[in-house]
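Residue numbers start from 1 in every chain, and the chains themselves are labelled A, B, ... in the order their sequence lines are given, proteins ahead of strands.
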Amino acid sequence: MNFSRIILEWYELNKRLLPWRNTNEPYLIWLSEIMLQQTRVAQGIPYYLKFVEAFPEVQDLASASEEKVLKLWQGLGYYSRARNLHATAKIITEKYNGKFPNTYKELLELKGIGDYTASAIASICFNRPEAVVDGNVYRVLARYYGIDLPINSSEGILYFKELAKEIMDTGNIRDYNQGIMEFGALQCTPKNPDCSRCPLQPACIAYTHNKIDVLPVKIKKNKVRNRYFNYLVLLDENNKTLLQQRKGNGIWQNLYEFPLLETEQYIDQGEVTANLKDLVALEEPSEIYLYNENKIVHKLSHQHLHTRFWIITFEANLENGIQLAELHKYPVPVLIADFIKTFKI
DNA sequence: AAGGCGGGGGT
DNA sequence: ACCCCAGCCTT
């Protein structure tokens, strides 16, 4: 039996029932695909359900505020996905009359849709013969065919895409594409795959050559940057505080946070006080203290954020201040959300 | 071609 | 700690 036939049979027996598995509607498939980029299915599901409820159709998403979209996305990470999602919803609504284009090429033009997502939507929704190559597919193909070309090199990306095209089953592209990904997620797992009960085992090069644990090959370049964040949690006489929206490049674009003093190392209370005037145009707090006695190190893929929250009270009234009870309405990074959850005056 | 971009879960 | 996750965009 050939590769694609085995995948299809395995998929029929082992596929999970997922919220987007009972539809081919482009809006719903698109939404799920964007959410699942670099994200585990289990993490994405609750977000998918929230979005479908809040925005049943693409027009609902298009007419929402970016702030509302980001708020619903809060905690899922890679927030450019949410911003691009919103922008593309507007394009679909206004330029495409609410209907997604049905070719790989046109889909690829949309913001946040790259090679993988364009192929996924074109095949799943429109039965187009396009090959999907995600992290699962790289792993399955690298092992089954014994390919040690780095999956994240330019050469590797082209090679695996071509290979995927050659072996795909165009007769049932919908199930085949979802099947090979599901196979990678559940059977051909990154660590400790159970090869003893794998239907591809007899012809798997990695298995027969004992190279399961070295394939796929990936060039790694994980350098962690240490940053030191001092968040100024201002409190005025009416228990109002200040939030700012992050702008420009970098992490958490368009999300909110407390006024931030970033430094090269940990700093003490005196240094925080000295910077108050420049940062928030305020001086002489009536009280200032470090909120978190224990170290907070918020870890992103490439950054460790050594964070201190300073509580700073004033006998004054903050213009543009926000009541503490209103903080939960703003889209914030998990680091800030965790603080708000535990913060008691 | 390389780097940046989150957060969570598994080992 | 390190790796990976239904990747994409910018430089």
Exercise. Considering all heavy atoms of both residues, which atom of A:L260 and which atom of A:L279 are nearest to each other, and what is their separation?
Worked result: O-CD2, 3.5 Å
Exercise. Which value, in whole Å, describes the distance between the C1' atoms of nucleotides C:dA6 and B:dG3?
Worked result: 23 Å
Exercise. How close or far is atom P of B:dG7 from atom NE2 of A:H302, stated in whole angstroms?
Worked result: 13 Å
Exercise. Which whole number of Å gives the distance between the P atom of B:dG9 and that of C:dC8?
Worked result: 24 Å
For this session: If you link ILVMFWY side chains whenever their heavy atoms are less than 4.5 Å apart, which other residues fall into the same cluster as A:L17? By chain and number, please.
Result: none
Seminar exercise, completed: Stems field, DNA chain B, Watson-Crick or wobble, 3.5 Å, at least 3 pairs, by first number, holds B:1-5 with C:7-11, B:7-11 with C:1-5
Exercise. Under the salt bridge (Lys or Arg N to Asp or Glu O under 4.0 Å) test, which residues partner A:E109, sequence neighbours left out?
Worked result: none
Seminar exercise, completed: The single option from A:F3, A:Y207, A:F183, A:F160 that satisfies ring pair (Phe, Tyr, Trp, His ring centres under 6.0 Å) with A:Y144 is A:F3
Problem set entry | For A:R5, all residues meeting salt bridge (Lys or Arg N to Asp or Glu O under 4.0 Å), sequence neighbours excluded | none
Problem set entry | Spacing of A:K299 atom NZ relative to B:dG8 atom P, expressed in whole Å | 13 Å
When the side chains of residues 61-76 of chain A are checked against the rest of the protein, which donor-acceptor pairs come out under 3.5 Å, sequence neighbours left out?
residue	atom	partner	partner atom	Å
A:S63	OG	A:Q59	O	3.1
A:S63	OG	A:D60	O	3.3
A:S65	OG	A:K68	N	3.1
A:E66	OE2	A:N254	ND2	2.5
A:E67	OE1	A:Y256	OH	2.9
A:K71	NZ	A:Q74	OE1	2.9
A:K71	NZ	A:H328	O	2.8
A:K71	NZ	A:Y330	O	3.0
A:W73	NE1	A:G77	O	2.9
A:Q74	OE1	A:V332	N	3.0

Problem set entry | A:Y78: partners by ring pair (Phe, Tyr, Trp, His ring centres under 6.0 Å), with sequence neighbours left out | none
Seminar exercise, completed: Under a 4.0 Å heavy-atom cutoff, the residues of residues 328-335 of chain A touching DNA chain B are A:P333, A:V334
Problem set entry | A:L72 CG to B:dG6 P, straight-line distance once rounded to whole Å | 18 Å
Exercise. Apart from A:V217 itself, what residues make up its hydrophobic cluster when side-chain heavy atoms of I, L, V, M, F, W and Y under 4.5 Å apart count as a link, directly or indirectly?
Worked result: A:V214, A:L215
Could you list the donor-acceptor pairs under 3.5 angstrom formed between side-chain atoms of residues 130-138 of chain A and any protein atom two or more places apart in sequence or on another chain?
residue	atom	partner	partner atom	Å
A:D134	OD1	A:N136	N	3.1
A:D134	OD1	A:V137	N	2.9
A:D134	OD2	A:N136	ND2	3.0
A:N136	OD1	A:R139	NH2	2.8
A:N136	OD1	A:A185	N	3.3

Exercise. Rounded to whole angstroms, how far apart are NZ on A:K223 and C1' on B:dG4?
Worked result: 12 Å
For this session: Starting at atom CD1 of A:I45, determine the distance to atom C1' of B:dG8, rounded to an integer number of angstrom.
Result: 14 Å
For this session: Can you tell me which residue pairs pass the side chain to side chain donor-acceptor pair (under 3.5 Å) test with a partner in residues 28-46 of chain A, sequence neighbours excluded?
Result: A:E33-A:Y116, A:Q37-A:T117, A:T39-A:R81
Exercise. For atom P, what is the distance between B:dA1 and C:dC5, given to the nearest Å?
Worked result: 22 Å
Problem set entry | Protein-nucleotide distance (A:L300, atom CG; B:dG3, atom C1'), rounded to Å | 15 Å
Exercise. Any side-chain N or O of A:W73 under 4.0 Å from OP1/OP2 of B:dG7?
Worked result: no
For this session: Heavy atoms under 4.0 Å is the rule here; annotate nucleotides 2-11 of chain C 5' to 3' with B where the base is hit, S where only the sugar-phosphate is, and - elsewhere.
Result: -SBBBBSS--
For this session: Output the rest of the hydrophobic cluster of A:Y228: all Ile, Leu, Val, Met, Phe, Trp and Tyr residues reachable through side-chain heavy-atom contacts under 4.5 Å, sorted by chain and number.
Result: A:Y266
